[in-house]
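To start, the structure itself, in structure tokens.
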Amino acid sequence: MPTYAYRAVDMEKSCNHCRKGFESIQRMIDPPLTECPRCNNPISRVLFVPTVVIKGSPVTETDRKIKEYEKEGMWSHAAELADKEAEKTKREDLRVRALEDYKKAGYDFDKYDTEKY
Ligand SMILES: [Zn+2]
């Protein structure tokens, strides 16, 4: 029987169980779960088990924009955008990219703000 992974839709309302995501073994013919069995808040089925880190993040609209800024040599723009997106998505690759772009823009991160990273 296939194992399905579920995760909370609303992180604010979810309990510990569904916030982290959980797996449920179901038959193909069973309808997908829509509510967390513990807190009854809405959940949705995810394709991958949530704990698996997907290598090689997908190219998003923001990635494209960052690349454009980099091509134009607008390093601080690129860095800010990457920084914001990294904050939002917790993407480590963008965090590193922001740092590099900041450096190219002339910021010296060795002197300050080291704690943030
Ligand atoms: Zn729950």
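Read the numbers this way: they start at 1 and go in the same order the structure lists the ligands and their atoms.
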Inset, instruction - Return the number of protein N, O or S atoms with a distance to the Zn ion (ligand 1) smaller than 2.8 Å. - result: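 If we list every protein N, O or S atom nearer than 2.8 Å to the Zn ion (ligand 1), we get 4.
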Inset, instruction - Inspect the contact between Lys88 and Glu85 and indicate whether a charged nitrogen and a carboxylate oxygen are less than 4.0 angstrom apart. - result: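 A salt bridge links Glu85 with Lys88.
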Inset, instruction - Would you mind reporting whether Tyr6 and Cys18 have side-chain heavy atoms less than 4.5 Å apart? - result: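 No, their side chains stay 4.5 Å or more apart.
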Inset, instruction - Could you list all the salt bridge (charged side-chain N to carboxylate O under 4.0 Å, His left out) pairs where at least one residue sits in residues 9-19, not counting sequence neighbours? - result: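 Every pair satisfying salt bridge (charged side-chain N to carboxylate O under 4.0 Å, His left out) with a residue in residues 9-19: Asp10-Lys13.
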Legend entry - salt bridge (Lys or Arg N to Asp or Glu O under 4.0 Å) involving Glu70 - partner list, sequence neighbours excluded: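 Applying salt bridge (Lys or Arg N to Asp or Glu O under 4.0 Å) to Glu70 gives Arg97.
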Inset, instruction - Over 60° means perpendicular and under 30° means parallel, so classify the ring planes of Tyr102 and Tyr107, tilted if in between. - result: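 Aromatic pair Tyr107/Tyr102 classed perpendicular.
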Which side-chain N or O atoms in residues 28-40 pair as donor and acceptor under 3.5 Å with protein atoms at least two apart or in another chain?
| unit_1 | atom_1 | unit_2 | atom_2 | d |
| --- | --- | --- | --- | --- |
| Asp30 | OD1 | Arg27 | NH2 | 3.3 |
| Asp30 | OD2 | Arg27 | N | 3.2 |

